[in-house]
Protein chains: 2
Amino acid sequence: MSSSKLLKGSLATIVMRLLEEQEKMYGYEITQKVKELTAGEFKITEGALYPTLHKLEAEGFLTTETQKVDNRVRKYYSLTREGNAEAKSKVAELEAFLVQLQKVLNPKPSLG
Amino acid sequence: MSSSKLLKGSLATIVMRLLEEQEKMYGYEITQKVKELTAGEFKITEGALYPTLHKLEAEGFLTTETQKVDNRVRKYYSLTREGNAEAKSKVAELEAFLVQLQKVLNPKPSLG
DNA sequence: TTCTTATGCATAAGAAAATTATGTATGTTT
DNA sequence: AAACATACATAATTTTCTTATGCATAAGAA
């Protein structure tokens with residue numbers, strides 16, 4: 001992600017969240033989708049994305065199938081059943097984290 | 001931070017945000033304040049905090065003064081003038097980041 | 001009175017997760 | 001022909017944590 005070094009550790013969650021929305025996606029497509037959703041603010045680098053995808057696959061959360069389109073190979077990723085559960089879990093964890101973070105960034109002024 | 005490995009990269013921002021609210025704080029106090037604000041959800045470890053404080057000081061964003069209280073030394077940190085500007089900048093950057101992150105986590109369903 | 005917990009600082013080794021650089025290959029646009 | 005886009009992948013390095021360790025004082029529990 002180029003938008004600074006923020007949120008290291010959330011890339012896997014982002015990927016799985018996108019795969020909840022869309023049955024199957026390939027790596028390059030993911031980078032473009034994130035770029036599109038954030039109006040160019042997040043730029044996922046391949047050096048971060050591919051190792052993440054490989055790890056999630058190794059953990060059994062994603063499966064792959066390759067397709068050849070216009071003579072170029074695309075490797076499509078989909079959530080497995082466990083991946084689906086993990087996606088919900090990771091997203092919930094991230095959202096809970098964001099709630100707490102807001103409390104630190106915008107603490108309620110003490111009453112009285 | 002113990003609440004998982006999320007949000008690496010935001011600790012410096014959190015520290016500076018707290019110092020915007022409170023003139024001067026010492027390390028241990030910062031860990032307790034964050035714990036308090038997040039109802040125990042974030043636990044900042046010393047191994048993360050002290051190097052961060054030292055780095056911010058080296059960069060000229062924080063100054064220190066030590067005080068002895070009950071025979072124990074406290075090292076108080078305060079924002080410098082540049083630190084004040086940097087704090088605003090870092091917080092704004094993090095908040096902008098969170099806005100974009102929300103767009104990825106909760107994309108608006110396509111119309112039509 | 002001894003052990004544990006709390007307060008308070010600090011550093012070092014290791015792990016996790018990025019960035020940056022590089023490599024291969026094809027297709028499209030200038 | 002050169003540049004840019006599509007599409008994958010890996011390696012070296014950097015950043016930023018976690019975990020472990022160390023020192024020291026104070027307070028509370030056993």
Reckon A:Tyr26 has a side-chain N or O less than 4.0 Å from the OP1 or OP2 of D:dA7?
-> yes

Between A:His54 and D:dC8, is there a side-chain N or O to OP1/OP2 distance below 4.0 Å?
-> no

Can you check salt bridge (Lys or Arg N to Asp or Glu O under 4.0 Å) on A:Lys90 and A:Glu93, steps first, answer last?
-> CA-CA 5 Å; A:Lys90 273 180 153 57; A:Glu93 191 188 356; over 6 Å; no

Start at the 5' end of DNA chain D and walk down; is the nucleotide closest to B:Glu46 or to B:Leu49 reached first?
-> B:Leu49

Identify which nucleotide among [options] has an atom closest to any side-chain atom of [X], counting heavy atoms from C-beta outward.
| X | options | value |
| --- | --- | --- |
| B:Asn71 | D:dA26, C:dC9, D:dC17 | D:dA26 |
| A:Ala48 | C:dC9, C:dA18, D:dT16 | C:dA18 |
| A:Tyr77 | C:dC9, C:dA17, D:dA9 | D:dA9 |
| B:Thr45 | C:dG8, D:dT19, D:dC8 | D:dT19 |
| A:Thr52 | C:dT20, C:dG8, C:dA18 | C:dA18 |
| A:Leu11 | C:dT11, C:dA18, D:dA9 | C:dA18 |

Without decimals, in angstroms, what is the distance between [X] [atom1] and [N] [atom2]?
| X | N | atom1 | atom2 | value |
| --- | --- | --- | --- | --- |
| A:Asp70 | D:dA5 | CG | C1' | 13 Å |
| B:Tyr50 | C:dT11 | OH | P | 11 Å |
| B:Leu56 | D:dT16 | CG | P | 10 Å |
| B:Met25 | C:dG8 | CE | C1' | 14 Å |
| B:Arg74 | C:dA6 | CZ | P | 17 Å |
| A:Glu65 | D:dC8 | CD | P | 13 Å |
| B:Glu59 | D:dT16 | CD | P | 9 Å |
| A:Lys68 | D:dA7 | NZ | C1' | 12 Å |

Using a 4.0 Å heavy-atom cut-off across all strands, classify [X] as base, sugar-phosphate, or nothing.
| X | answer |
| --- | --- |
| B:Gly27 | sugar-phosphate |
| B:Lys55 | sugar-phosphate |
| B:Arg72 | base |
| A:Glu29 | nothing |

Donor-acceptor pair between A:Thr31 and A:Glu46 side chains, under 3.5 angstrom = no

Judged by modelled atom types alone, do A:Thr63 and A:Glu57 share a side-chain donor-acceptor pair under 3.5 Å?
-> no

Should A:Lys33 and A:Glu29 be marked as a salt bridge (Lys or Arg N to Asp or Glu O under 4.0 Å) after you check the CA-CA gap, both sets of side-chain angles, and the distance that decides it?
-> CA-CA 6 Å; A:Lys33 184 67 177 178; A:Glu29 187 182 13; over 6 Å; no

In sequence, state the C-alpha distance, the side-chain angles, and the governing distance for A:Lys35 and A:Glu41, and then conclude on salt bridge (Lys or Arg N to Asp or Glu O under 4.0 Å).
-> CA-CA 7 Å; A:Lys35 203 166 156 185; A:Glu41 289 300 305; over 6 Å; no

Just do the side-chain contact (heavy atoms from CB on, under 4.5 Å) check on A:Thr64 and A:Leu53 with the steps written out, would you?
-> CA-CA 10 Å; A:Thr64 63; A:Leu53 288 171; over 6 Å; no

Residue mapping more 5' on DNA chain C - nearest nucleotide basis, A:Ala12 or B:Leu53 | B:Leu53

Identity of whatever pairs with D:dA30 - Watson-Crick or G-U, under 3.5 angstrom | C:dT1

Opposite nucleotide pairing with C:dT28, Watson-Crick or G-U, both atom distances under 3.5 Å | D:dA3

